[in-house]
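These numbers come from the heavy atoms of this one structure, side chains and all, not from hydrogens, waters or symmetry mates.
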Amino acid sequence: MARLQPVRGTHDILGEMSLRFRTIFEIFRSVAERYSHEQIDTPIFEFTETFKKTLGDTSDVVTKEMYTFEDRGGEQVTLRPEFTAGIARAFISNCLQQSTPCKFYSFGPTFRYERPQKGRMRQFHQMDIEIIGVAEAQADIEVLAIAQDLLNELGIAKHVTLELNSLGDRESRMNYRAALVQYFSQHRDKLSKDSLTRLEKNPMRILDSKDEGDHLLIEKAPRISEYYNDTSKVFFSEVREGLEGLGIDYHIKDRLVRGLDYYCHTAFEFTTDQLGAQGTVLAGGRYDGLVEMMGGPRTPGVGWASGMERMAELITYDIIKKQVRLVAIVPVGDKSHTTAMKIAHDLRKAGIVVDMAYKGNVGKRMKRANKQNARFAILIGEDEIVRSVAMVKNLDKGSQEEISLLKLVDYLKENKL
RNA sequence: GCGGGUGUAGCUCAGUUGGUUAGAGCGCCAGAUUGUGAUUCUGGAAGUCGCCGGUUCAAUCCCGGUCACUCGCCCCA
C-alpha cells in the first residue's frame, strides 16, 4: 500500500502515546502550579534574530538545526528550537521587569532540523520552567526541586540521576576557558578530530567528548573548580546546601558544561541509561546574561527544559492516566433509539462518559462495549421503556439488574464510574 | 552533516540458493448466536514483498539510487 508519510522526524500522537503525553503534562502542570509558577505560551515561531542573538552564530542549533523561512512579508522567521529565548523575548516585550520575579511554566512543540534517532525528532515537545529576575541561589534550588518532584511523581526518579556542576560567574568561566584552550592547544596532536573543531568553536565541550583518546587528556586537564572565584564558590555551595536540605541527591560532574556564553553558575542534567544515546531527560541552568544580551535590562534567570517524548518512553503503564471507563447505551430494536439517545444525553449532562454505537444489533453493540472497556452496558428495549427502567449490565461481573430510570445516575455514580 | 543496519498483510515476523497461486500468529470483518460482550468453532477480506531504475527468459530475492525507520557520531530535550 502506498503510504502517505508525515514529514521526516515528525509523528502523530494518538492512542496510548496521547495518554502518556497527557499524563506527563497534567503532572507537570500540577507540580509547577504548586510552586506558584504561571503558564506562559509564546508563539511557536519568532523572528530568526531572536534565536540567533541568544544562541550565537556559531552554535550547532543556529548553523544547522533551525527551521527558518521567509514569510510572505519577507520576514525571516524560525520555528522555536527551544523555549528560553522566546520567553526572554516575551519578558522584554511585555515589560515584565516591573513584576519580577516571574515564575513561568510552558509546554509545546519544538523544532530542530536534525537527523532523527530514538529520542530525537524534528518536531518534539518540551516542558519548560523558568524563573526570571532572581539572582539568589534559592531560585536554582527551587527549579531543581520542581524537576525532582516531577520525576518522582512520574515514577521515573529511580531511573534518573541529577548531574550538577557550576560554570562559575563570567570571570571564573573566562579564566577557566582560557586555561583549557591553553592546555588543549599544547596537545593538539593527541586530540580527536571532533575535539580539534571544538577547540576552535567551543573548547569547553571537549570535556564531554566520547572519544577514548580524549579521555586521557581530559583526565589531566585543569578542573573548573580550581578557577572559581569567591562569589562562584559561595553561590555553588548555597545551591548544594539547598539541595541537601531538601534531600535531593546529586552527583557533581565537573565536565558538564554549557557552550553558550550567557550561561553561568548552575548547570545540570537529569540523565538516564535507558534511552540509548539520548540519555538527557531534563536539563537546564542559570542564564544571567541572556535578557541583557537580547537588549533588555540586566536580569538574572534560571530554568530548565524537558523532552516529553523521552519522558513518555520512561514512564510505566501503571502511571498512565487511564481513560475514564464509559457506559455503553445499547438500544434494543429500532423503536428504542430515540429514547436511548435521550437517556445517553441525560447521563452525559450528569457528567457520565457515555458512548452509543451508531449501528448494529445487540450482539454487535455488546462486543463494541466490551472492546471499549465499558464498565456497564445499559440495555433499553421497548419493554424497559414502558416500565421506565433500564437493564444495567456490569460487564466486569457479568451480572445485570433493572434500575429505574430515575435512579440511573445515582446508581452509576455509586458504582464508581 | 558523517558512518553502520533494516524495510514482506493493520501489528509481530517466517519465506524464496532468482521460477508460475507469498505464508503464520495476533488483529479486523462475517456467521454459529437478529434481547446480551470477553471464551470457543467456522468462514472471509486484506500485500504493486518501501519506491524508482538496472541485470536477467524471469526480480520480493542480485546491483545502483532514493525514501523511511533504526544504531552510533556531531549536538542536544
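At a cut-off of 3.5 angstrom, the base of B:rC76 holds at least one donor-acceptor pair with the side chain of A:Arg310. A:Arg120 contributes a side-chain N or O that forms a donor-acceptor pair with the base of B:rC75 under 3.5 Å. With hydrogens and angles left out, the side chain of A:Arg115 and the base of B:rG3 share a donor-acceptor pair within 3.5 Å.
Remark: B:rU6 base-pairs with B:rA68. Criterion, Watson-Crick or G-U wobble with two distances under 3.5 Å. Pair assignment for B:rC73: B:rG1, on the basis of Watson-Crick or G-U wobble contacts that are both within less than 3.5 Å. When both distances must be under 3.5 Å, the Watson-Crick or G-U wobble mate of B:rU34 does not exist. When both pairing distances are held under 3.5 Å, B:rA46 makes no Watson-Crick or G-U pair with any nucleotide shown.
When the side chain to side chain contact (heavy atoms under 4.5 Å, CB included) test is applied to A:Ser225, the partners found at least two apart in sequence or on another chain are A:Arg223, A:Tyr228. Residues passing the ring pair (Phe, Tyr, Trp, His ring centres under 6.0 Å) test with A:Tyr176 are A:Tyr227, sequence neighbours excluded. For A:His187, the ring pair (Phe, Tyr, Trp, His ring centres under 6.0 Å) criterion is met by A:Tyr183, not counting sequence neighbours. In terms of the side chain to side chain contact (heavy atoms under 4.5 Å, CB included) criterion, residue partners of A:Val77 (sequence neighbours excluded) are, by chain and number, A:Phe45, A:Phe47, A:Phe69, A:Asp71, A:Glu75. Partners of A:Tyr250 under the ring pair (Phe, Tyr, Trp, His ring centres under 6.0 Å) rule, at least two apart in sequence or in another chain, do not exist in this structure. Residues meeting the side chain to side chain contact (heavy atoms under 4.5 Å, CB included) test with A:Pro101, sequence neighbours left out: A:Val134. Taking the side chain to side chain contact (heavy atoms under 4.5 Å, CB included) definition, one finds that A:Gln400 meets it with A:Met391, A:Lys393, sequence neighbours left out. By the ring pair (Phe, Tyr, Trp, His ring centres under 6.0 Å) test, A:Tyr67 is found to be paired with A:Tyr113, residues two or more places apart in sequence or in another chain being considered.
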For this session: Evaluate side-chain hydrogen bond (donor to acceptor under 3.5 Å, both in side chains) for A:Ser172 paired with A:Asp169, printing each intermediate quantity in order.
Result: CA-CA 5 Å; A:Ser172 302; A:Asp169 63 8; 2.9 Å; yes
For this session: Could you please spell out the steps behind the side-chain hydrogen bond (donor to acceptor under 3.5 Å, both in side chains) verdict for A:Asn152 and A:Gln148?
Result: CA-CA 6 Å; A:Asn152 284 340; A:Gln148 186 65 56; 3.3 Å; yes
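Residue-to-nucleotide proximity on RNA chain B shows that, of A:His11 and A:Ser306, the 5′-proximal contact is made by A:His11.
Comparing B:rG10 with B:rC75, their C1' atoms are spaced 36 Å from each other, to the whole Å. The gap from the P atom of B:rA24 to that of B:rA46 amounts to 14 Å, rounded to the nearest Å.
When each of B:rC69, B:rA77, B:rG35 is scored by its nearest atom to the side-chain atoms of A:Leu379, the top-ranked nucleotide is B:rG35. Distance from the side chain of A:Lys118 is smallest for B:rU70 among the nucleotides B:rU70, B:rU36, B:rA77.
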For nucleotides 65-68 of chain B, list the nitrogen or oxygen atoms of the protein found under 3.5 Å from its nitrogen or oxygen atoms, one pair per line.
none

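Within 4.0 Å (heavy atoms only), A:Glu114 reaches at least one base atom of the nucleic acid. Residue A:Ala369 is out of contact with every strand shown, counting any heavy-atom pair closer than 4.0 Å.
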For this session: Take nucleotides 39-44 of chain B nucleotide by nucleotide from the 5' end and write B, S or -, depending on whether a protein heavy atom sits under 4.0 Å from the base, only from the sugar-phosphate, or from neither.
Result: ------
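Neither OP1 nor OP2 of B:rU36 sits under 4.0 Å from any side-chain N or O of A:Arg365. In terms of phosphate contacts, A:Lys367 brings no side-chain nitrogen or oxygen within less than 4.0 Å of OP1 or OP2 of B:rC29.
In this model, a donor atom of one side chain and an acceptor atom of the other lie less than 3.5 Å apart for A:Asp41 and A:Gln39.
A side-chain hydrogen bond (donor to acceptor under 3.5 Å, both in side chains) check over residues 303-315 of chain A, counting only residues at least two apart or in different chains, returns the pairs A:His125-A:Glu309.
Within residues 387-405 of chain A, the residues that have a heavy atom under 4.0 Å from RNA chain B are, in order of number, A:Met391, A:Lys393, A:Leu395, A:Gly398, A:Gln400.
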